There are 2 protein chains.
Amino acid sequence: MKIGELSRATGTNIETIRYYERIGLLPKPHRTVANYRSYGDPHRARLTFVRHSRDLGFTIEEIRSLLDLSDDPGRDCSEADRIASRHLAQVEDKIAQLTLLRDELTRIVGRCRGGVAAECRVIEALGDHRHCASAH
Amino acid sequence: MKIGELSRATGTNIETIRYYERIGLLPKPHRTVANYRSYGDPHRARLTFVRHSRDLGFTIEEIRSLLDLSDDPGRDCSEADRIASRHLAQVEDKIAQLTLLRDELTRIVGRCRGGVAAECRVIEALGDHRHCASAH
DNA sequence: ATGCACCCTGTAGCAACTACAGGGTCAAGA
DNA sequence: TCTTGACCCTGTAGTTGCTACAGGGTGCAT
Ligand SMILES: [Zn+2]
Ligand SMILES: [Zn+2]
Ligand SMILES: [Zn+2]
Ligand SMILES: [Zn+2]
C-alpha cells in the first residue's frame, strides 16, 4: 500500500503520516525501487491506533507509551489504565473549567444592550475581572 | 512603572509583555535613558484587558479587534457582541465535544480488569473505533 | 569595587500538525 | 512517442501563544 492509500484507509493526512514517521511514532516502511513508501496491514493497524487515540485526546507521548505497551503483549497493562485514567481526569478538569467560562461568557454577552463602544458592557466586563461572578 | 512592576501588577510574565509589544497588541512604551521600558496607567489597563480576555479564552486576533473597538469609543459595539457570542458558541461546542469524549473514556477505562497487555480492553478499544458507542 | 536584582535584544523551543517549493515517477491517452 | 496528470519524494517554514535561554548592560547597596 502506498502512502496515499494508507492516508485514505485511515483518514490521515499524508503529511501527518510522514510526520509520525519522522518523530518515530510509526516505523519506517519499506521503499519501492522508486523510493516510494510501501505499507502493510500492521502499519495500517498502528496508524489506526494512533489516530483513534489522538481523536480521544491523548498526547503523542502518551500514545508512544501505549504503543510500547501493546508491542510487549506480556507486560502488565496497569500503565495503560493509569494513562487513560489520568487523561480522563484531565478531560473532566477541562470540562469543569470550560463550564465556568461558559457561564461567565453568557453573563457578559447578556449584558450588551447595543449602542456605542464607550458604553458597551461587554468591553467593560473584559477590562475588569471584578465584574465577574467567579474565578477562571 | 518598569516592566517588572507591570508584570507584578497584572500577573503577566515579563516575556509575555514583550511578546505582546512585539506583535503589536500593546503600544511601544517610552524608554528611560537606560533604554528601560516605562509604562503608565493606560498601559496597565490595556494589559489587564488583554489578560482577562485571554483568561476567558479569546484569541489574540479577537482581542485585537476588541481593542480596536474600545479605542474608538463612538463606534457601534455590535462587533464586540458578535465576537463574544461566537466565542461563547465555540466554548459550548467544545464542552459538548469533551463531554462525548469523557463518556467514551469512562467506558474504555471501566473495561480494564487488569492482566497482560495482550488482553487489555483499553488497548483493544484504542485500536478500534468500532468499540466506541459514539462519534468523536 | 563588587555583588545582585533588574533590564535589554535576539533567537530558539514547545505541540501537533500543515503547507509549500522544487523536484522525481508512472500509467494512460492522443 | 510524447505529454498530461496524479501521485510520490525531501526539506524547510509556518501556525498559536507563549516560554526559555544566551549574552550582554544598568543601578543601587555594601
Ligand atoms: Zn455592547
Ligand atoms: Zn473574570
Ligand atoms: Zn488493561
Ligand atoms: Zn472511537
Side-chain angles (χ1 to χ4, degrees), chain A residues 1-26 28-39 43 46-67 83 86-87 90-91 94 97 101 136, chain B residues 1-26 28-39 43 46-67 83 86-87 90-91 94 97 101 136:
Chain A
M1 181 171 15
K2 282 190 287 182
I3 198 168
E5 284 172 83
L6 181 63
S7 167
R8 282 186 298 276
T10 62
T12 311
N13 196 319
I14 288 178
E15 324 260 41
T16 303
I17 297 174
R18 288 198 281 245
Y19 167 70
Y20 288 160
E21 179 185 330
R22 200 160 61 243
I23 64 171
L25 202 61
L26 296 182
K28 288 184 194 297
H30 290 120
R31 299 292 185 122
T32 67
V33 284
N35 200 31
Y36 288 8
R37 288 172 179 80
S38 177
Y39 298 97
H43 286 106
R46 200 175 177 89
L47 180 52
T48 299
F49 185 102
V50 170
R51 283 314 310 172
H52 193 217
S53 302
R54 286 291 302 128
D55 288 345
L56 286 163
F58 289 92
T59 66
I60 299 278
E61 287 316 305
E62 285 166 342
I63 295 169
R64 219 186 274 278
S65 303
L66 291 165
L67 283 171
I83 292 171
R86 191 188 51 195
H87 178 52
Q90 282 167 3
V91 169
K94 190 79 191 175
Q97 188 194 319
L101 219 62
H136 49 93
Chain B
M1 178 170 20
K2 282 189 287 182
I3 199 168
E5 286 173 82
L6 181 64
S7 167
R8 283 187 296 277
T10 61
T12 312
N13 196 319
I14 288 179
E15 325 259 40
T16 304
I17 298 174
R18 287 198 280 247
Y19 167 71
Y20 286 161
E21 178 185 331
R22 199 160 62 243
I23 64 171
L25 203 60
L26 296 181
K28 289 184 194 298
H30 290 120
R31 297 294 184 123
T32 68
V33 284
N35 199 32
Y36 287 8
R37 288 171 178 80
S38 176
Y39 299 96
H43 287 104
R46 199 177 178 88
L47 180 52
T48 299
F49 185 101
V50 170
R51 283 314 310 172
H52 193 218
S53 302
R54 286 293 299 129
D55 288 344
L56 287 163
F58 289 92
T59 67
I60 299 279
E61 288 315 305
E62 285 166 342
I63 295 170
R64 219 186 274 279
S65 303
L66 290 165
L67 283 170
I83 291 171
R86 190 189 52 195
H87 178 51
Q90 282 167 2
V91 169
K94 190 78 192 177
Q97 188 194 321
L101 220 61
H136 46 94

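Everything quoted here is computed from the prediction, not taken from an experiment. Below, chains carry the letters A, B, ... as their sequence lines are ordered, and counting in each starts from 1.
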Find the distance [X]:[atom1] to [N]:[atom2] and express it as a whole number of Å.
{"X": "B:Lys28", "N": "C:dT9", "atom1": "NZ", "atom2": "C1'", "result": "12 Å"}
{"X": "A:Glu5", "N": "C:dC26", "atom1": "CD", "atom2": "P", "result": "15 Å"}
{"X": "B:Ile17", "N": "D:dT19", "atom1": "CD1", "atom2": "C1'", "result": "14 Å"}
{"X": "B:Ile3", "N": "C:dC6", "atom1": "CD1", "atom2": "P", "result": "13 Å"}
{"X": "A:Leu25", "N": "C:dA15", "atom1": "CG", "atom2": "C1'", "result": "13 Å"}
{"X": "A:Arg8", "N": "D:dC7", "atom1": "CZ", "atom2": "C1'", "result": "9 Å"}
{"X": "A:Asn13", "N": "C:dA15", "atom1": "CG", "atom2": "P", "result": "20 Å"}
{"X": "A:Glu21", "N": "C:dA16", "atom1": "CD", "atom2": "C1'", "result": "17 Å"}

Distances for protein N/O vs nucleotides 13-17 of chain D N/O pairs under 3.5 angstrom?
residue : atom : partner : partner atom : Å
D:dG17  : O3'  : B:Arg54 : NH2          : 3.3

Report yes if a side-chain nitrogen or oxygen of A:Thr16 is closer than 4.0 Å to either non-bridging phosphate oxygen (OP1 or OP2) of C:dT18; otherwise report no. yes
Which part of the nucleic acid, if any, lies within contact of B:Ile23, taking any heavy atom under 4.0 Å across all strands shown: a base, the sugar-phosphate backbone alone, or nothing? nothing
Report, one line per pair, each donor and acceptor closer than 3.5 Å where one atom sits in a side chain of residues 16-23 of chain B; sequence neighbours left out.
residue : atom : partner : partner atom : Å
B:Tyr20 : OH   : B:Arg51 : NH1          : 2.8
B:Glu21 : OE1  : B:Arg37 : NE           : 2.7

Could you list the residues that satisfy side chain to side chain donor-acceptor pair (under 3.5 Å) with A:Thr12, not counting sequence neighbours? A:Thr10
Looking at residues at least two apart in the chain, or sitting in another chain, which of them share a ring pair (Phe, Tyr, Trp, His ring centres under 6.0 Å) with A:His52? B:His129, B:His136
Run the ring pair (Phe, Tyr, Trp, His ring centres under 6.0 Å) test against B:Tyr39 and tell me which residues pass, sequence neighbours left out. B:His43
Axis-to-axis angle across the helix from C:dA1-D:dT30 to C:dA30-D:dT1, five pairs each end, nearest 10 degrees, ~ 30°
By side chain to side chain contact (heavy atoms under 4.5 Å, CB included) - contacts of B:Thr32 (at least two apart): B:Ala34, B:Tyr36, B:Ser38
Residues forming a side chain to side chain contact (heavy atoms under 4.5 Å, CB included) with A:Glu5, sequence neighbours excluded: A:Met1, A:Lys2, A:Arg8
Gap separating the CZ atom of B:Arg64 from the CZ atom of B:Phe58, nearest 0.5 angstrom: 16.0 Å
Rounded to the nearest 0.5 Å, what separation is found between the OG atom of A:Ser65 and the CD1 atom of A:Ile83? 4.5 Å
In B/S/- notation, 5' to 3', how is nucleotides 21-30 of chain D contacted by protein heavy atoms closer than 4.0 Å? B---BBS---
Non-hydrogen atoms of A:Leu25 and A:Leu67 that approach each other most closely: O-CD1, 3.9 Å
Polar side-chain atom of B:His87 near backbone of B:Leu56 as donor-acceptor pair, under 3.5 Å: yes
For B:Arg46, all residues meeting salt bridge (Lys or Arg N to Asp or Glu O under 4.0 Å), sequence neighbours excluded: B:Asp71
